[in-house]
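To start, the structure under review is shown below, and the notes come after it.
The sequence lines fix the lettering, A, B, ..., with proteins before strands; numbering per chain opens at 1.
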2 protein chains.
Amino acid sequence: MLRKVDKHSGVPAYLQIVNMIKSEILLGNLQKGSQLSSIRELQQIFDVNINTVLKALEKLKSEGYIEAEQGVGYFIKKDFDVDKKIIEIIKTCVAKLKDNSIDYYTAILIFEEVWKNE
Amino acid sequence: MLRKVDKHSGVPAYLQIVNMIKSEILLGNLQKGSQLSSIRELQQIFDVNINTVLKALEKLKSEGYIEAEQGVGYFIKKDFDVDKKIIEIIKTCVAKLKDNSIDYYTAILIFEEVWKNE
DNA sequence: TATACTGTTATATAATTATATAACACTAGA
DNA sequence: TCTAGTGTTATATAATTATATAACAGTATA
């Protein structure tokens, strides 16, 4: 789901955009050959400057996720979708955490720390 | 566990420092009254400039996590530790993901997307 | 009191990130 | 061919982030 960038998260906007589009590909919501919305539409969706969109698309292109056709649009270049099993594991975990009314930021902090320490 | 900042993650160094220290508090590894390492030691641990450490400590102070005593040091101001149950849920999830040899970056991307969409 | 630790304040410089704005080039369809 | 939509390139400006470096101020202890 492509959504507004969080301008207070500290993470650069162009990286948030890269991450959202990568997520869509990983989750299988954007498949090989799909066309992205136009740059000027993406600019509105993410609520950033056109140059910020361009910077994100440039990075995705350099990493092989998308390709550009001048005058036509941007297209998904490869499928990178992840094993459904992985998604289920994460969905189950997120559901449990939400049951315990933990907030996203705290959850991420602990997730990162646990990951890097075990 | 306080460790070197990742200079290629895109996340500003001072925020990574804030996050690491918050994590230690949330996990109960730093408790009320504990003294942090000195600024000049932290500078070496995180591998950043002293001003970057200061910016992080300033933010933690403004959020009520720590307090300063001039000439003495920085101290944890409150306990914010999280329910052990939460930590167990996350540990279990991380273990399962590692069993499936998924990398950290992919895991975080999916985690964020699942959290924000369900 | 002298010293070696603490934290604090300040200035200058550079790289990165984001914005505003404009113009240009290619493509598809009326 | 004209037009409206694509992507592309460019310039200028500002805010944020990070560095290097120096000096100052408080605390504890030998």
- Salt-bridged, Lys78(B) to Glu67(B), with N to O below 4.0 Å?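 Looking at Lys78(B) and Glu67(B), the cut-off is not met.
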- Item | Salt bridge Lys85(B)-Glu88(B), side-chain N to carboxylate O under 4.0 Å |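 Glu88(B) and Lys85(B): not salt-bridged.
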- Same hydrophobic cluster for Val94(B) and Leu109(A), using side-chain heavy-atom links shorter than 4.5 Å among ILVMFWY?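 Val94(B) and Leu109(A): one cluster.
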- Query: Which sits closer to the 5' end of DNA chain C, Arg40(A) or Tyr14(A), going by the nucleotide each is nearest to?
  - Reply: Tyr14(A)
- Decide yes or no for Met20(B) and Met1(B): does some side-chain heavy atom of the first lie under 4.5 Å from some side-chain heavy atom of the second?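 No. Closest side-chain heavy atoms not under 4.5 Å.
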- Query: Is there a side-chain contact between Ile76(B) and Gln31(B) (heavy atoms, below 4.5 Å)?
  - Reply: no
Crowded around [X] [atom1]? As in, over 12 foreign heavy atoms under 6.0 Å?
X	atom1	answer
Glu63(A)	CD	yes
Lys116(B)	NZ	yes
Lys98(B)	NZ	yes

- Message: Run Val11(A) and Leu15(B) through side-chain contact (heavy atoms from CB on, under 4.5 Å) and show every step you take.
- Response: CA-CA 9 Å; Val11(A) 180; Leu15(B) 282 179; over 6 Å; no
Without placing hydrogens or testing angles, list every side-chain donor-acceptor pair under 3.5 Å for residues 47-57 of chain B, not counting sequence neighbours.
{"from": "Asn49(B)", "atom 1": "OD1", "to": "Asn51(B)", "atom 2": "N", "distance (Å)": "2.8"}
{"from": "Asn49(B)", "atom 1": "OD1", "to": "Asn51(B)", "atom 2": "ND2", "distance (Å)": "3.1"}

- In residues 31-38 of chain A, which residues come under 4.0 Å of DNA chain D by heavy atom?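 Result for residues 31-38 of chain A: Ser38(A), sorted by number.
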- For residues 43-54 of chain B, which residues have at least one heavy atom under 4.0 Å from DNA chain D? Val48(B), Asn49(B), Ile50(B), Asn51(B), Thr52(B)
- Contact interval (first through last nucleotide) of DNA chain D with protein chain B, 4.0 Å heavy-atom: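 Nucleotide range in contact with chain B: dT17(D) to dT27(D).
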- Give me the residues of residues 63-79 of chain A where at least one heavy atom lies under 4.0 Å from an atom of DNA chain C, by number, or none. Gln70(A), Gly71(A), Val72(A)
- Message: The test is side-chain contact (heavy atoms from CB on, under 4.5 Å); show your working for Tyr74(B) and Glu69(B) and say whether it passes.
- Response: CA-CA 6 Å; Tyr74(B) 278 89; Glu69(B) 260 189 73; over 6 Å; no
- Task: For Tyr65(A), enumerate each residue passing the ring pair (Phe, Tyr, Trp, His ring centres under 6.0 Å) test, keeping only those at least two apart in sequence or located in another chain.
- Result: Phe80(A)
